[in-house]
Enquirer: 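Quick one: the structure is below, and I'll ask about it shortly.
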Amino acid sequence: MSPLLDSLVHADKAAVLRDSATYWNPDKVQAWAARGTPLVIGRREGYHLYDMSGHRLIDLHLNGGTYNLGHRNAEIIAELKEALDHFDMGNHHFPAIGRAALARRLVETAPSNMRYAILSSGGGEAIDIGLKCARYATRRKKIVSVIRAYHGHTGLALGTADGRYADQFMSAGRPDEFVKVPFNDIAAMEAALASGDVACVIMETIPATYGFPLPADGYLPSVKILCEKYGALYVADEVQTGLMRCGGGHLWGVTSYGVQPDIIVTSKGLSGGLYPIGAAIVNEQAGGWLKEDGWGHISTFGGSELGCVAALKTLEITLRPWTIANVDAIAARLRAGLDVIRARYPFFTGIRQRGVIFGLEFNTHPEGAKHVMRELYAKGVWAIFSQLDPRVLQFKPGLLLTPADCDEILERTEAGIAAAASSF
Ligand SMILES: Cc1ncc(COP(=O)(O)O)c(C=O)c1O
């Protein structure tokens, strides 16, 4: 092992925390310690994380789906190691082997109306690309999003976000450019669109940071119909809900609700958890600028060729028939077990679920999920509370879990929930 790597791999946890608090992010270091989850990830393997102290955790956060296929997935690592002998980031101005292959694959596996894939270095950047495409296509500026939405911390994405994120940097966006409506309120959506000056509606299929409230029956298709009626585009943020997480064999969650959007945004899991990449997949109307002025979006690391290799391998694994069937099997097994646990603990008030996306409700306390998170951590499960609704615990199992993994998750989850009972 090189001296550099040796010093990193064998670092001392107290020193890492001290340097993090001094040079990186004092508030975050303090906040996680105060919440009883002072995690500094050391070893990571499959769906297991090990804190530097050695404490083992099953990862049910997955960084929003980044680790859908597990940590350090062996197949993706092997592909990337070989790729390092041939590729680097590439030069973003030119056509490239990796970018051509990934863009083609993304379009081929998307709904049939899609034409181009514009590649980015991450999710927020891809959201901004999608919103710019909608403005280009409609020559309108206004963007409608959902109250308590979160689409990333870049410029336009932050304009669509909840004040919790936007206000600190005076990024809330002018009210005549960014309009926010309640989720699942179709009348409010129509009122926002009826002025006829809206470029697009941006919508997470199931809003993650808001605690995964499920769309009401017919809500998403009705939003799409309203978009068509008033000449706005539909931008589906599939950063967390895409890549098979909604189950049912749907690569994109939004199509599982019967909606063919104009733009699909993906990132996180597309990276295989190993090399950053994102994409806005767009239809002809939204991508029209690509034929007029290809320099409409410029990003040095956008679609880096190594990232393209990671993404191609990720798509291959995700679309295997075995993976597709496994997602539905995991979803059913965990749901059945969680139903049993819920019946035993009255403060576990509800389960939101679509495929392997779960929001566990602890509604009798305003910050119920924070208490449960702390106790689960002690019992060896890492699942995070929803920042914009701390009553709800995000519970996000990976796509390749085994039945034995599911049973261990259920056992440890029940132990954590039992321990949390005293907080309610
Ligand atoms: C739904 C959603 N969209 C967009 C983003 C932004 O992605 P990134 O952090 O890669 O910029 C996130 C990140 O958490 C997200 O959850």
Side-chain angles (χ1 to χ4, degrees), residues 25 28 59-68 118-134 143 145-162 164-166 169 171 178 180 183 200-215 220 234-246 252-254 257 261 263-281 297 299-304 307 310-311 314 352 354-359 383-389 392-396:
N25 191 323
K28 270 192 177 173
D59 190 1
L60 291 179
H61 172 205
L62 302 181
N63 221 346
T66 303
Y67 302 107
N68 278 336
I118 307 159
L119 304 176
S120 70
S121 55
E125 184 191 344
I127 293 285
D128 277 18
I129 293 171
L131 299 177
K132 286 193 289 186
C133 285
I143 293 164
S145 61
V146 163
I147 293 173
R148 302 209 199 178
Y150 179 69
H151 300 290
H153 262 74
T154 46
L156 293 177
L158 206 47
T160 69
D162 186 84
R164 155 75 180 83
Y165 302 113
F169 299 114
S171 295
F178 291 89
K180 282 140 193 153
F183 187 60
C200 66
V201 172
I202 179 161
M203 180 82 77
E204 239 194 305
T205 303
I206 312 173
T209 309
Y210 191 5
F212 292 126
L214 297 175
L220 297 180
Y234 185 116
V235 183
D237 180 345
E238 288 275 319
V239 168
Q240 291 220 27
T241 51
L243 297 171
M244 212 58 79
R245 292 204 62 78
C246 283
W252 306 113
V254 68
Y257 286 95
I263 298 171
I264 292 175
V265 177
T266 178
S267 190
K268 288 196 188 275
L270 191 66
S271 69
L274 285 161
Y275 212 98
I277 191 154
I281 310 166
H297 181 79
S299 169
T300 301
F301 298 148
S304 71
T314 295
R352 305 167 177 179
R354 182 91 169 173
V356 287
I357 291 172
F358 291 85
I384 198 166
F385 70 96
S386 308
Q387 279 217 338
L388 297 178
D389 187 350
V392 183
L393 188 77
Q394 298 184 4
F395 196 84
K396 302 184 268 201

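Computed from a prediction, not measured in an experiment: that's the story for all the values here. Indexing begins at 1, ligand by ligand and atom by atom, following the structure's order.
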Enquirer: Of the protein's non-hydrogen atoms, which lies at the shortest distance from atom 16 (O) of ligand 1, and what is that distance?
Expert: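 Residue, atom and distance for the closest contact: Q240 NE2, 3.0 Å.
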Enquirer: Taking 4.0 angstrom as the limit and counting only heavy atoms of Y150, give me the atoms of ligand 1 inside it, by number and element.
Expert: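 What qualifies from ligand 1 is 1 (C), 2 (C), 3 (N), 12 (C), 13 (C), 14 (O).
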Enquirer: Taking the side chain as every heavy atom from C-beta outward, state whether V392 and P213 have any atom pair closer than 4.5 Å.
Expert: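 V392 does not reach P213 side chain to side chain.
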Enquirer: Do the side chains of W252 and T266 get nearer than 4.5 Å, heavy atoms only?
Expert: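 Yes, side chains in contact.
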Enquirer: Looking at side-chain heavy atoms only, is the closest gap between D162 and Y210 below 4.5 Å?
Expert: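 SC-SC contact between D162 and Y210 ruled out.
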Enquirer: Is there a nitrogen or oxygen of T209 sitting under 3.5 Å from a nitrogen or oxygen of ligand 1?
Expert: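 The answer is no, given that T209 and ligand 1 share no N or O pair closer than 3.5 Å.
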Enquirer: Using a strict cut-off of 4.0 Å, indicate which atoms of ligand 1 neighbour a heavy atom of E204.
Expert: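 Once the distances to E204 are compared, the set is 1 (C).
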Enquirer: Counting non-hydrogen protein atoms only, what is the nearest one to atom 11 (O) of ligand 1? Give residue, atom name and distance.
Expert: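 Minimum-distance protein heavy atom for atom 11 (O) of ligand 1 reads G124 N, 2.7 Å.
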Enquirer: Measure K268 to ligand 1 on non-hydrogen atoms and call it side chain, backbone, both or neither using the 4.0 Å cut-off.
Expert: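 Contact part for K268 vs ligand 1: side chain (C-beta onward).
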Enquirer: Just need the protein heavy atom nearest to atom 10 (O) of ligand 1, so name the residue and atom and give the distance.
Expert: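 Among all protein heavy atoms, the one nearest atom 10 (O) of ligand 1 is G123 N, 2.8 Å.
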Enquirer: Are any of the side-chain heavy atoms of T241 and V254 separated by less than 4.5 Å?
Expert: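 They are not in contact (no side-chain heavy atoms under 4.5 Å apart), so the answer is no.
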Enquirer: Considering only non-hydrogen protein atoms, determine which one is nearest to atom 4 (C) of ligand 1 and report residue, atom name and distance to 0.1 Å.
Expert: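 The closest heavy atom on the protein side is H151 O, 3.2 Å.
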Enquirer: Scan side-chain atoms only and decide if Q387 and Y165 contain a donor-acceptor pair under the 3.5 Å cut-off.
Expert: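 Yes, Y165 and Q387 have a side-chain donor paired with an acceptor closer than 3.5 Å.
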Enquirer: Note the single closest protein heavy atom to atom 3 (N) of ligand 1, along with its residue, its atom name and the distance in Å.
Expert: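 Looking at atom 3 (N) of ligand 1, the protein heavy atom closest to it is D237 OD2, 2.7 Å.
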Enquirer: Taking the side chain as every heavy atom from C-beta outward, state whether N68 and M244 have any atom pair closer than 4.5 Å.
Expert: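 They are not in side-chain contact.
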Enquirer: Taking side-chain hydrogen bond (donor to acceptor under 3.5 Å, both in side chains) as the criterion, tell me which of R245, E204, K396, K268 meets it with Q240.
Expert: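 So the option named by the test is K396.
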